[in-house]
Amino acid sequence: LWALGYHQRRWSYADAHELRTLAAEFRRRGIACDALWLDIDYMDRFRVFTVDERAFPDLAGLTDELRALGFRSVAILDPGVAVESELAAEGLERGLFVQDAEGEPVRGRVWPGECHFPDFTDARTRAWWAGHVREFLERVRLDGLWSDMNEPSVFDVPERTLASDCRHAGLDGARGASDTHARWHNLYGQLMVEATRAGIEAAHPERRPFLLT
């Protein structure tokens, strides 16, 4: 039912104090509100599945505190994986990223800087992503997720997305001649949210998942 209520979001709430103050004002003024949303500033250097511990030193505790006041918490989740990160190293080792026309993991600049992009056409990638979603939600106890930038967005190119000749594994994993980004672009976001939903369901099997894309 809370999904059908009033949700408050903006770009962006900078720290836990600002979010607590906002929640208190809603309640003090008697303004109906059922969910508060976090944009990219809750993350450490905008890196996926991280939390800025200086700004949000106890995000799990904060989400519990907000829930006790009648607020659910939803946070953004982007597909770009920072090149210089443990998550990128993990994905590279397993061969889980979209490739460029030369067969190298494609790079593009998004909020964290230079990023690789998970190849969600690959079942292995979807399972890997879902596992990280599950671990993240169990750690920070968010009530829902918001998948964004999943065109996928790329800042520093004219098309503002991956080149049409980038290569995907495809649903059969064969990486066939037709498995270019031109073919898979319109399904990239859908496949990302299917993987994300699987992770939410694994973290909270007793709940109906909340996921906006």
Side-chain angles (χ1 to χ4, degrees), residues 1-82 87 110-113 115 118 120 129-130 132-153 155 188-204 206-213:
L1 290 176
W2 67 269
L4 302 176
Y6 294 96
H7 293 225
Q8 170 65 25
R9 176 205 162 264
R10 75 168 194 194
W11 183 23
S12 179
Y13 302 113
D15 55 32
H17 174 72
E18 187 173 15
L19 206 61
R20 284 190 177 96
T21 301
L22 178 71
E25 280 296 291
F26 270 115
R27 293 299 178 249
R28 185 180 71 83
R29 295 169 183 262
I31 300 173
C33 185
D34 302 282
L36 299 176
W37 292 45
L38 290 166
D39 210 314
I40 57 175
D41 285 311
Y42 83 88
M43 293 184 274
D44 177 17
R45 294 167 289 172
F46 309 139
R47 296 183 175 200
V48 66
F49 302 127
T50 70
V51 175
D52 182 344
E53 298 293 345
R54 294 167 299 177
F56 294 89
D58 180 13
L59 184 55
L62 178 59
T63 57
D64 289 345
E65 181 182 325
L66 292 173
R67 198 175 299 107
L69 294 172
F71 297 97
R72 302 301 176 116
S73 302
V74 181
I76 196 169
L77 184 68
D78 294 342
V81 175
L87 190 64
V110 203
W111 295 120
C115 288
F120 292 110
W129 185 265
H132 280 286
V133 169
R134 175 180 184 173
E135 186 278 331
F136 182 64
L137 291 182
E138 289 174 343
R139 176 159 51 91
V140 298
R141 299 198 283 275
L142 290 161
D143 298 292
L145 290 172
W146 155 34
S147 294
D148 196 28
M149 308 292 287
N150 56 8
E151 288 82 3
S153 290
F155 290 161
Y188 189 90
Q190 177 178 319
L191 293 169
M192 176 188 173
V193 297
E194 286 179 6
T196 304
R197 180 187 172 113
I200 297 173
E201 290 176 327
H204 303 304
E206 76 287 358
R207 302 183 203 167
R208 188 175 185 180
F210 181 93
L211 174 60
L212 178 134
T213 183

To the closest 0.5 Å, what do you measure between CG (Leu137) and CZ (Arg207)? 9.0 Å
What distance separates Met192 CE from Arg197 CZ, expressed to the nearest 0.5 Å? 15.0 Å
Side-chain atoms of residues 70-77: list all donor-acceptor pairs with protein atoms under 3.5 Å, sequence neighbours left out, distances to 0.1 Å.
none

I need the Leu145 CG to Ile200 CD1 distance, nearest 0.5 Å. 4.5 Å
Is Asp15 reaching over with its side chain to a backbone N or O of His17, donor-acceptor style, under 3.5 angstrom? yes
By side chain to side chain donor-acceptor pair (under 3.5 Å), Glu25 pairs with (sequence neighbours left out) Arg28, Arg29
Taking the side chain as C-beta and beyond, is there a heavy-atom pair between Val110 and Asp78 under 4.5 Å? no
What's the spacing between Asp143 CG and Thr63 OG1 if we round to 0.5 Å? 7.0 Å
Leu38 and Phe56: side-chain contact (heavy atoms from CB on, under 4.5 Å), yes or no, with the steps? CA-CA 11 Å; Leu38 290 166; Phe56 294 89; 3.9 Å; yes
Side-chain contact test, heavy atoms from C-beta onward, threshold under 4.5 Å: evaluate it for Pro209 versus His204 and give yes or no. no
Does Arg10 CZ have over 12 foreign heavy atoms under 6.0 Å away? yes
Find the distance between CZ (Arg47) and CG (Leu87) and round it off to the nearest 0.5 Å. 10.0 Å
Do Arg27 side-chain atoms and Cys33 backbone N/O form a donor-acceptor pair below 3.5 Å? yes
Pairs satisfying ring pair (Phe, Tyr, Trp, His ring centres under 6.0 Å), at least one member in residues 19-39, at least two apart: His7-Trp37, Trp37-Trp146, Trp37-Phe210
Who are the side chain to side chain donor-acceptor pair (under 3.5 Å) partners of Asp39, not counting sequence neighbours? Arg9
Once ring pair (Phe, Tyr, Trp, His ring centres under 6.0 Å) is applied, do any residues pair with Phe49, and if so which ones, sequence neighbours excluded? Trp129, His132, Phe136
Phe155, CZ atom: more than 12 neighbouring heavy atoms under 6.0 Å: yes
Could you report the tightest heavy-atom contact between Pro112 and Ala82, atom names first, then the distance? CB-CB, 3.9 Å
Is there a donor-acceptor pair under 3.5 Å between the side chain of Thr196 and the backbone N or O of Val133? no
So CE of Met43 and OG of Ser12: to nearest 0.5 Å the spacing works out to 8.5 Å
For Ala55 and Ala14, the nearest pair of non-hydrogen atoms, with its separation, is CB-O, 3.4 Å
Is any side-chain heavy atom of Phe120 closer than 4.5 Å to a side-chain heavy atom of Asn150? no
Here the pair of heavy atoms bringing Arg54 nearest to Pro57 is O-CD, 3.9 Å
List the residues meeting side chain to side chain donor-acceptor pair (under 3.5 Å) with Arg45, not counting sequence neighbours, and say none if there are none. none
A side-chain contact here means heavy atoms from C-beta on lying under 4.5 Å apart; do Leu66 and Leu62 qualify? yes
